[in-house]
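Report on the structure given below.
Quick note: numbers below take in every heavy atom, side chains included, and nothing from hydrogens, waters or symmetry partners. Counting starts at 1 for both ligands and their atoms, following the listed order.
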Amino acid sequence: MVLIVVAALLLGVLAGFLILAPRDRKSGHTEKAQSDLNDNKEPKTYNKTEVLLHNKRTDCWIIIKNKVYDITSYVEEHPGGDAILAHAGDDSTEGFFGPQHATRVFDMIEDFYIGDLKH
Ligand SMILES: *[C@@H]1O[C@H](CO)[C@@H](O)[C@H](O)[C@H]1NC(C)=O
């Protein structure tokens, strides 16, 4: 009985990867379309105080290399769990480039880009 449940869970995870894989490739196009759209537009800027307001699980922004990302929709999917919240509303550059992250994470994060940090 337990084995069946475990097998079903594993299948679910596998299916999840199969569904997610093509979406990753597609989002690359979305990104390009967006950067085309933004060509004649300044990127939105936020200061640290504004970013700091979004420091919750249900409203989570992070800063990586002076760029601001709204990762709210990703918090629950993060394979590393709540570690992603350690620097919510704050600079996450160090954790982001930590050894636990494969390089594909560096591409993935661009889907969550919302603007630049005001200096
Ligand atoms: C950041 O922006 C907010 C809203 O525009 C403003 O009220 C605040 O004074 C700014 N803070 C700093 C440190 O510039």
Exercise for the section: Indicate the ring-plane relationship of Phe106 and Phe96, choosing parallel, tilted or perpendicular according to the 30° and 60° boundaries. Expected result: tilted
Exercise for the section: Say whether, by atom type as modelled, one donor and one acceptor occur between the side chain of Glu77 and the main chain of Tyr74 under 3.5 angstrom. Expected result: no
Problem - Euclidean distance, His54 NE2 relative to Thr72 OG1, rounded to 0.5 Å - result: 8.5 Å
Exercise for the section: Might you check, step by step, whether the distance between atom 11 (N) of ligand 1 and some protein heavy atom is under 4.0 Å? Expected result: yes
Practice task
Look at atom 14 (O) of ligand 1 and say whether a protein heavy atom is found at less than 4.0 angstrom from it.
Solution key: yes
Problem - Close-contact set for ligand 1 against Thr49 heavy atoms, below 4.0 Å - result: 11 (N), 12 (C), 13 (C)
Practice task
Say whether, by atom type as modelled, one donor and one acceptor occur between the side chain of Glu76 and the main chain of Arg57 under 3.5 angstrom.
Solution key: no
Problem - Heavy atom of the protein closest to atom 9 (O) of ligand 1 (residue, atom name, distance) - result: Asn47 ND2, 4.8 Å
Handout entry: Remaining members of the apolar cluster that contains Val68, side-chain heavy atoms under 4.5 Å
Key = Tyr46, Val51, Trp61, Ile63, Ile114, Leu117
Handout entry: Polar contact flag for Lys118 and ligand 1 (N/O pairs, less than 3.5 Å)
Key = no
Fill in the blank from the handout: The closest protein heavy-atom partner of atom 5 (O) of ligand 1 is Glu50 OE2, 3.9 Å
